[in-house]
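All values derive from a computational prediction rather than experimental measurement. Order of the sequence lines sets the chain letters (A, B, ...), proteins ahead of strands, with each chain counted from 1.
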Amino acid sequence: MRFFEYEAREIIKRAGIPVTDYGFTTDAAEAREIAQRIGGPTVIKSQVLTGGRMKAGGVKFADTPEEAEAHARDILALEINGHAPRGVLVDPRAEVEQEYYAGVVWDGTRKQPVMIFSPVGGIDIEQVAEEQPDKVGRRHFSNILPLSDFQAKEVVASTGVTGAALNRLVPIVKRLASLFVENDMILAEINPLGRLADGSFVALDAHMDIENEARGRHSRLLAELGVGEEETRQAREATPFELAGEQVDAMDHRGVAGNVTEFDGNLGLVIGAGGGSLTLFDAVRAHGGKPANYCEIGGNPSVAKACGLAKLVLQKPGVERIAVMMSIVSNTRVDIVARGVIKACLELGYDPAEKIAIFRIPGAWEEEGFKILERYGVDYADRSVSLNEAARRAVEKIEGAPV
Amino acid sequence: MRADATFIAVEVDDAAAADPELARRLTEACPVDIFAQTGDGGLDIVELNLDECVLCRLCLDAVESDPTHPVKVIKLYDDGAILA
Ligand code: SF4
């Protein structure tokens, strides 16, 4: 879940990293008061969860409080990429000598956070990494033990920063690493981190993203920041198809058959099992397949629930067939899922043998499941067929064999 | 194409179905609510839940003491095999 800049700044401030004397408001007149309090030139920044706000006119400079109010009024009325602003941030225009970058991101492959630092800030770190790779320092660190002074120093110093700047940056980088771990973040970025004329550093902008599943652990912080429980902050609103998927999952407490995401392909997916959904989705794409959806089943959904999900996917416009695939299951029953998906086909007037491109769920109660599949002529595979091969076979049924 | 979309059938002898005590035991035993007790204490089979049967045999255990074996769970997908 992404944070607005004003929330990210608050988190940074609480972690003891210096920030400017900014103010957040949803009211243009109050923006003027904040600018008055700041007492100098200000920057008025739209608070939206989308990129490109500078280009879209969502960031404006003001020399007087009156100008700040006028800009705030314009920005509050300005939608950027379809997003209405949450408010505006009124920030003093700092006299910055140099802009730096400090960030921590979650490396899903290494299963560790990685600290990234650069003395070239204010632009995308990806661009810096491409154009000036020697100006980007990186280091993975433990998500159990704190980042040590030495480790922090090593990352910063590897980019050529020395002396007083190095000494001042080390605690900032360390605090950023701590707040990342403590708050279960997947991204915590200060960009730019400005060095002022007196040599001190101040965070001028921040981006943060907390692990969705960890929201419950940080309910106090979220409440203090005013983040409502109903705020999903997804990149886009759920589609009617996805909302229908939520309803299927909510129909009874048994198991999971939901977490549906809509795509525009022709192969419907009824997939699952602890990361298996992602693996299968990738495998389908790797074989040239076009998934119509992503979803997750597991935890032994009822027949009705498996049937409901399969029906939803089968009825999605453009879906030619469905592939029913999971890794080897122990807490989901093969026969129950088989009943559900066959029932879905039959109740919609389809021949399961035609509509189910492949059923590859080995595991608990597979003998019973395979009996059901055989009776209805459904092509099924046992555990001797890998997930990758099952995905390939499903794609081949729709797209034909690769030439 | 096979068009039958029901996988499980449950049969209960008429005499047993009229026994309120047996109806109570079956209703309590089944984890997926295939049995329900009617207002007069008799037994109802909930057709809507039939395919949720998890083949757990709890209904058979509940009437174990009855030598007539009054409950049958039938796997329609397995040529009518009876759950033993
Ligand atoms: S076998 Fe289990 S689930 Fe099936 S009817 Fe009997 S008690 Fe219910």
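- Defined by atom type and a distance below 3.5 Å, a donor-acceptor pair is missing between the side-chain atoms of Thr6(B) and Asp4(B).
- Neither the backbone nor the side chain of Ala353(A) has a heavy atom closer than 4.5 Å to any heavy atom of chain B.
- When heavy atoms are compared at a cutoff of 4.5 Å, Ile336(A) approaches chain B solely by way of its side chain, counted from C-beta outward.
- The part of Leu76(B) that comes within reach of chain A is its backbone (N, CA, C, O), which places non-hydrogen atoms under 4.5 angstrom from that chain.
- With a 4.5 angstrom heavy-atom cutoff, Asn49(B) does not touch chain A via any of its atoms.
- Here the side chain of Tyr294(A) pairs no donor or acceptor atom with the backbone of Ile271(A) at under 3.5 angstrom.
- Looking only at heavy-atom pairs under 4.5 Å with chain B, the residue among Glu347(A), Arg254(A), Glu354(A), Lys371(A) that has the most is Lys371(A).
- A donor-acceptor contact closer than 3.5 angstrom is absent between the side chains of Glu296(A) and Ser277(A).
- Counting non-hydrogen atoms of other residues, nucleotides and ligands closer than 6.0 Å to CD of Glu229(A) gives a total of 12 or fewer.
- Between Phe281(A) and Phe263(A), the angle of the ring planes lies from 30° to 60°, which puts this pair in the tilted group.
- Of the atoms belonging to Asp335(A), it is side-chain heavy atoms, and not backbone ones, that fall under 4.5 Å from chain B.
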